[in-house]
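In this text the structure is predicted, and so the values were computed from the model without any measurement.
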Amino acid sequence: MTDRNIREPDQIRQDCARKLRAVQASEHFQAILGCLLGEDWTTPRLVEIVITPDGHTLGRCEGQPSFSAFLGASEDLLKNVHGAAKVAELDGDELGYLLGKVAEIKRRK
């Protein structure tokens, strides 16, 4: 492997976002993916996500002071991320980046 095959994290994020943006998904899931990838894909924009200790995924929309949007179960989020990754043909780095973002929101309590 040569140095030109190694991508910086932001390049991986951009490649992941480009591929996932082309996948047909509900506006709800587009908002989640956009938030995980730091993209502005929906209105209102989902700006923060957290997974609670009991496995619920909650979101905070732009302009809202608290996590008032129930987004579903964390198991469903992981299942949907894997499904979208397969459809978008994400490579290992891109899937790893996205799953790392999910892990970050799980640690945020």
* Structure fact -> Smallest heavy-atom separation, Ala85 atom then Leu20 atom, equals N-CD2, 4.4 Å
* **For Glu94, side-chain hydrogen bond (donor to acceptor under 3.5 Å, both in side chains) partners two or more places apart** => Arg7, Lys19
* Is it true that Val81 and Trp41 fall in one hydrophobic cluster, defined by side-chain heavy atoms closer than 4.5 Å? -> yes
* **Asp76 (side chain) donor-acceptor with Gly72 (main chain) under 3.5 angstrom** => no
* Show your working on side-chain contact (heavy atoms from CB on, under 4.5 Å) between Leu98 and Leu33 and close with a plain yes or no. => CA-CA 9 Å; Leu98 194 55; Leu33 290 173; 4.3 Å; yes
* Are the side chains of Leu46 and Leu71 in touch, meaning some heavy atoms are under 4.5 Å apart? -> yes
* Asked: Can you tell me how far CG of Leu77 sits from CD1 of Ile32, rounded to the nearest 0.5 angstrom?
  -> 6.0 Å
* Enter the distance from Ile12:CD1 to Asp91:CG here, rounded to the nearest 0.5 Å. => 7.5 Å
* Supply the atom-to-atom distance Tyr97 OH to Gln14 CD, rounded to the nearest 0.5 angstrom. => 9.5 Å
* Measure the spacing between CD1 of Ile49 and OG of Ser74 and express it to the nearest 0.5 Å. => 12.0 Å
* Honestly curious: do Phe67 and Val47 fall in one hydrophobic cluster under the side-chain, below-4.5 Å linking rule? -> no
* So do the side chains of Cys16 and Leu90 get within less than 4.5 Å of each other, counting heavy atoms only? -> yes
* Give, for atom CG of Leu99 and atom CG of Leu95, the distance between the pair rounded to the nearest 0.5 Å. => 4.5 Å
* Asked: Looking at CZ of Arg13 and CZ of Arg18, how far apart are the two atoms once the value is rounded to the nearest 0.5 Å?
  -> 12.0 Å
* Find out whether Asp15 and Asp93 are in side-chain contact, i.e. whether some heavy atom of one side chain is under 4.5 Å from a heavy atom of the other. => no
* Asked: Is the backbone of Gln64 close enough, under 3.5 Å, to the side chain of Arg60 for a donor and an acceptor to pair up by distance?
  -> yes
* Asked: Is any side-chain heavy atom of Ile105 less than 4.5 Å from a side-chain heavy atom of Leu36?
  -> yes
* Thr42 side chain to Arg45 backbone, donor-acceptor under 3.5 Å -> no
